[in-house]
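Report on the structure given below.
When a residue number appears, it is its place in the shown sequence, counting from 1.
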Amino acid sequence: MNGFVRLKTIGASVYFFALVGIVLTLVMVLLHEKIAVVMHTPEEAMADTLHYILICSIGIPFIMGYNVVCGILRGLGDSKSPLYFVLVACVINIGADFLLVGGFGMRAAGAAIATVLSQGISFLAALWFLHRRGFHFEFGWKNIRPDRFLSGQIVKLGAPIALQDALVNISFLIITVIVNRMGVIASASLGVVEKIIVFAMLPPMAIAAAVSTMTAQNYGAGLVQRMAKCLYCGIGMALVFGLSVCLYSQFWPETLTGIFTKDAAVIDMAAGYLRGYSIDCIIVSFVFCINSYFSGQGNSWFPMIHSLIATFLFRIPLSYLFGQLDPTDLQLMGYASPLSTMVSLLICLWYLRRRRRTSAIRQL
């Protein structure tokens with residue numbers, strides 16, 4: 001890709017996602033109260049929920065901008081700088097949390113402000129880096145302009161992944177609604193475990209991102225065997241983290257859930273939920289890497305399809321069913337996630353086998 005095309009691509013990307021960010025911000029700000037009501041938020045937590053949703057909604061442009069600029073840097077071959085910006089965001093977020101939540105007692109509003117502030121500063125730092133120090137071409141505000149063809153390509157390549165993420169997050173909201181009906185303790189327990197799981201999923205997700213990049217490079221070079229080796233190595237590395245989290249969560253879950261709260265009832269219920277949910281850390285080590293393996297070959301539709309099947313046909317119904325079977329505890333519901341992910345894994349294995357058969361027939 002020559003410098004002019006690269007410059008146009010970056011400018012079109014920034015312009016496109018800036019518009020998307022503005023639209024999403026307006027929608028979320030206008031509907032944040034209705035969203036909280038639809039989620040069946042417990043009355044005791046309604047005020048904090050409204051503050052958190054509203055403030056995070058205002059910060060959507062910063063969050064999107066940060067991810068877009070870091071994506072551009074990675075696409076230009078710089079994977080280290082985004083790591084530094086993530087580190088900056090984490091340090092600022094933690095420091096602001098201690099100050100606003102711990103020091104000033106601002107509760108959920110303080111946590112939301114800390115999140116938006118950290119993302120905003122990281123976004124501005126990344127944008128400055130791209131503009132001033134980045135790469136051997138000039139990039140400024142005059143370059144940020146619409147381009148119908150490039151915007152169409154962005155939508156074409158990114159739509160399946162974006163749709164998958166959007167619908168999966170909607171499924172999380174549905175599960176939150178199910179749990180919120182079980183009371184404040186269950187709602188708080190869900191929030192605690194989700195934080196732990198999000199943190200636990202970061203290494204497999206990072207490894208999967210590397211699998212996607214390396215698969216794309218080898219796919220372009222026609223090195224099919226190396227693509228498979230990348231997949232196997234990625235799964236093996238991800239499993240180290242997945243197995244570690246799962247095993248620890250089976251024996252000492254209270255030491256993790258107790259980090260976020262001193263309420264004994266929440267610690268106990270969250271520990272039970274974590275025991276079941278943590279099994280998912282093992283299974284996603286396979287699914288994340290396989291999804292990235294396909295995405296690296298330009299096939300982003302298959303990961304979206306099997307993820308939606310597993311989520312909407314299995315995880316949500318199972319979560320509801322398990323919640324009805326034992327409405328006083330979340331441990332049984334915790335198994336809904338690994339069971340649904342296992343469905344994804346079985347579909348992935350079937351698809352891999354089918355592709356290999358098709359490839360072998362073509363070679364004959």
Side-chain angles (χ1 to χ4, degrees), residues 21 24-25 28-29 32 35-36 39 41-42 44-67 69-70 81-128 169 172-173 176 179-180 184-203 205-206 241 245 248-249 252-267 269-271 273-274 277-278:
L24 286 177
T25 299
M28 290 297 296
V29 168
H32 75 283
I35 291 172
M39 290 174 61
T41 304
E44 302 91 327
M46 180 59 76
D48 284 335
T49 301
L50 290 174
H51 292 155
Y52 193 86
I53 295 176
L54 178 60
I55 295 170
C56 286
S57 297
I58 294 173
I60 286 176
F62 295 115
I63 296 172
M64 289 194 65
Y66 163 78
N67 284 286
V69 175
C70 286
S81 295
L83 174 63
Y84 301 144
F85 297 131
V86 168
L87 179 62
V88 170
C90 290
V91 172
I92 295 173
N93 201 339
I94 293 171
D97 276 332
F98 276 110
L99 178 64
L100 299 177
V101 180
F104 295 120
M106 295 179 65
R107 298 166 62 92
I113 292 172
T115 299
V116 173
L117 180 66
S118 64
Q119 294 281 6
I121 293 175
S122 293
F123 164 57
L124 294 176
L127 192 62
W128 173 85
N169 279 292
F172 290 154
L173 291 178
T176 301
V179 175
N180 283 345
V184 177
I185 294 177
S187 179
S189 300
L190 176 71
V192 167
V193 174
E194 289 293 349
K195 289 181 175 64
I196 296 171
I197 291 297
V198 167
F199 182 78
M201 293 293 185
L202 289 178
M205 289 175 65
F241 296 97
V245 172
Y248 189 93
S249 298
W252 306 286
E254 293 85 0
T255 61
L256 297 175
T257 58
I259 295 173
F260 298 91
T261 179
K262 299 302 180 184
D263 190 314
V266 175
I267 292 174
M269 184 176 286
Y273 187 51
L274 182 60
Y277 202 156
S278 61

From M28 atom CE to I60 atom CD1, the distance as rounded to the nearest 0.5 Å:
5.5 Å
Say you draw a straight line from CD1 of I267 to CG of L274; how long is it, rounded to the nearest 0.5 Å?
12.5 Å
State, without any angle test, whether Y248 and S278 hold a side-chain donor-acceptor pair at a distance under 3.5 Å.
no
Locate the shortest heavy-atom distance separating T25 from P61; write the atom from each residue and the value.
OG1-CD, 3.0 Å
To the nearest 0.5 Å, what is the distance between CZ (R107) and CG (D48)?
4.0 Å
Nearest atoms (heavy-atom pairs only) where S122 meets A89:
OG-CB, 3.1 Å
Residue among I55, T49, L50 satisfying side chain to side chain contact (heavy atoms under 4.5 Å, CB included) with I53:
T49
I'd like to know whether CE of M205 has more than 12 heavy-atom contacts from other residues, nucleotides or ligands below 6.0 angstrom.
no
Atom CG in L124, atom CZ in F85: separation rounded to 0.5 Å?
11.0 Å
Looking only at atom types and distance, does a side-chain atom of T261 sit under 3.5 Å from a main-chain N or O of T257, one as donor and one as acceptor?
no
Take atom CZ of F62 as the centre, draw a 6.0 Å sphere, and report whether it contains more than 12 heavy atoms from other residues, nucleotides or ligands.
no
Out of L99, L100, D97, which one pairs with I113 under the side chain to side chain contact (heavy atoms under 4.5 Å, CB included) rule?
L100
F260 side chain reached by I196 side chain, heavy atoms, under 4.5 Å
yes
Distance, nearest 0.5 Å, that separates CD of E254 from OG of S249
10.5 Å
Separation of N180 CG from L173 CG (nearest 0.5 Å):
10.0 Å
Any idea how Y277 and Y273 line up, ring-wise: parallel (<30°), tilted (30 to 60°), or perpendicular (>60°)?
perpendicular
Which heavy atom of G65 sits nearest a heavy atom of F123, and at what distance?
C-CD1, 3.1 Å
Any idea which heavy atoms bring A186 and M269 closest together, and the distance?
CA-SD, 3.5 Å
So do the side chains of L24 and M64 get within less than 4.5 Å of each other, counting heavy atoms only?
yes
What I'd like to find out is whether the side chain of I58 reaches to under 4.5 Å of the side chain of V116, using heavy atoms alone.
no
